[in-house]
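Single-structure report; data block below.
Per chain, numbering begins at 1; letters A, B, ... match sequence-line order.
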Amino acid sequence: MIDSSLSSLGAKVVVAASSDENHPPENIIDGNTSTFWTSTGMFPQEFIIRFAESTQISAVTVDSYNVKQLKIEKNTSPNASQFESVTEQELKRTEGHLQSNTILLNGSNATHLRFIITSGYDHFVSVHRVSVQNVQT
Amino acid sequence: MVKLRARCLLVGDAAVGKSALSHMFHSDGTLFQKNYSMTAGVELLMKCVQIPETSDSVELYIIDSAGKQTLVDACEKMWGEPSLLFLVFDLTSEPSFASCSHWMERVRAHCGDLQLPGVLVGNKSDLSARREVEASVAQHWAQSRGLDYHETSAKEMENCEAPLLGLARTFHALYQDHRDTIQNLGPG
Ligand SMILES: Nc1nc2c(ncn2[C@@H]2O[C@H](COP(=O)(O)OP(=O)(O)O)[C@@H](O)[C@H]2O)c(=O)[nH]1
Ligand SMILES: [Mg+2]
């Protein structure tokens, strides 16, 4: 399987409250875990990934640091609105290396995935990569 | 350029000067920006503090809780998960200093996994003849709890920016530590 970054497949990060211009939200989908988006204080934090076209997703892998409570929502609409809840998880704390969590989405169809970080293990959290495993067609 | 955001809880006994301190900058456009709301005993103020010698700034969302016991329970619901502690006592009132441990515990209970840096402020330094709390005692107490200590007079507008700048600098330093840490992380 070719490991393409989401951005090379035409995906975009459409919303992210981010305020460090050296670490923009695009770093989430560049396929590289050494670049990252970081929050700059307070919870909740959220970002939305928009796919170039409606995509059947079997699983999503999130590489992050200090994220505690993570909610994922999705929709199948062309707009970033009317999301339905997919899952809510408490991620394990890691030290010295990234959190890497694969979350099964059971082949759901989506045009947007919304990630809401409701709490962290520190005042600041970072997301280094989100990658998606598509259902083979 | 970085813009940080911190939720800052302003607590202490009634009448120590919390509201006087938080309103200090109403007329000063650089520090005071918006007065969001006044609800059941809670006032939310936003101040943007520039970190000297950088292009970075910290927006402090200051939650001023009424010190009256009857209102504190209502206020606690508005506290959320605080980032910073702004703890005030009255230099002319030993009991208001004695209450500080209680306030600190009360706020800590809302912090979950987060550490709670902040400042201890002895206010009403203009009333020097009535002083009941020695600077060295307050300083020592603050240090043992990881807080920076400042003395202010909201009345004489003395040293009132120092606590805010201290809070902003502390949060900014935490952010830099965080960024250094994640730049050196291994893969998951
Ligand atoms: N002399 C003096 N009086 C002050 C000072 N700061 C506040 N006060 C007075 O103390 C009283 C209580 O102040 P307030 O800000 O309402 O206290 P809060 O209940 O902690 O918000 C008011 O009468 C203020 O005018 C100060 O620095 N010096
Ligand atoms: Mg990246």
Side-chain angles (χ1 to χ4, degrees), chain A residues 3 16-25 27-28 31-46 60-70 90-103 116-131, chain B residues 1-9 36 44-51 54-63 78-85 107-108 110-118 146 167-188:
Chain A
D3 189 14
S18 166
S19 299
D20 187 336
E21 56 190 17
N22 292 317
H23 303 287
N27 288 350
I28 294 170
N32 179 357
T33 54
S34 62
T35 62
F36 55 86
W37 161 80
T38 172
S39 73
T40 55
M42 305 211 295
F43 295 97
Q45 297 282 335
E46 75 166 71
V60 58
T61 300
V62 180
D63 295 284
S64 57
Y65 196 60
N66 279 332
V67 174
K68 188 176 182 189
Q69 210 71 35
L70 175 67
E90 183 166 319
L91 308 187
K92 282 212 182 71
R93 178 178 213 159
T94 59
E95 261 172 78
H97 63 90
L98 295 178
Q99 300 166 303
S100 186
N101 289 278
T102 297
I103 297 151
I116 305 167
I117 300 163
T118 51
S119 67
Y121 291 107
D122 194 1
H123 292 285
F124 309 104
V125 297
S126 55
V127 178
H128 296 243
R129 182 175 63 185
V130 170
S131 50
Chain B
M1 197 193 82
V2 180
K3 180 169 269 184
L4 305 179
R5 292 184 185 85
R7 186 194 297 272
C8 179
L9 282 193
Y36 276 96
L44 179 58
L45 301 130
M46 196 274 270
K47 294 182 203 303
C48 188
V49 181
Q50 208 67 39
I51 305 295
T54 69
S55 57
D56 301 346
S57 57
V58 182
E59 285 178 358
L60 297 173
Y61 291 82
I62 300 176
I63 299 171
M78 310 280 294
W79 283 359
E81 239 181 32
S83 326
L84 294 165
L85 176 66
V107 176
R108 271 261 158 80
H110 290 256
C111 293
D113 295 285
L114 305 181
Q115 53 161 312
L116 185 67
L167 287 167
R169 276 189 197 272
T170 299
F171 202 63
H172 187 249
L174 273 185
Y175 181 72
Q176 287 181 312
D177 286 350
H178 151 80
R179 226 172 29 181
D180 291 348
T181 304
I182 52 180
Q183 259 151 356
N184 295 307
L185 286 177

- Query: From A:Asp20 CG over to B:Lys3 NZ, what is the distance, rounded to the nearest 0.5 angstrom?
  - Reply: 13.0 Å

- Task: May I ask you to name which of B:Asn184, B:Thr181, B:Asp56, B:Leu4 has the most heavy-atom pairs under 4.5 Å with chain A?
- Result: B:Leu4

- Item | Non-hydrogen side-chain atoms of A:Glu21 and B:Ser55 separated by less than 4.5 Å | no

- Item | Contacting region of A:Tyr65 [heavy-atom separation from chain B under 4.5 Å] | side chain

- Give, for atom NE2 of B:His178 and atom OG of A:Ser39, the distance between the pair rounded to the nearest 0.5 Å. 6.0 Å

- Item | Interatomic distance, A:Asp63 atom CG to B:Leu185 atom CG [nearest 0.5 angstrom] | 11.0 Å

- Message: For the NE2 atom of A:His123 and the CD atom of B:Glu81, what is their distance to the nearest 0.5 Å?
- Response: 9.0 Å

- Query: Looking only at heavy atoms, which two atoms of A:His23 and B:Arg179 are closest? And how far apart?
  - Reply: NE2-CD, 3.6 Å

- Message: Does the plane of the ring in B:Tyr175 sit parallel, tilted or perpendicular to the ring in A:Phe124? Use 30° and 60° as the thresholds.
- Response: perpendicular

- Side chain to side chain, B:Ile182 and A:His128, heavy atoms closer than 4.5 Å: yes

- Note on the structure: Shortest non-hydrogen pair, B:Leu114 vs A:Gly120, comes out as CD2-O, 3.8 Å

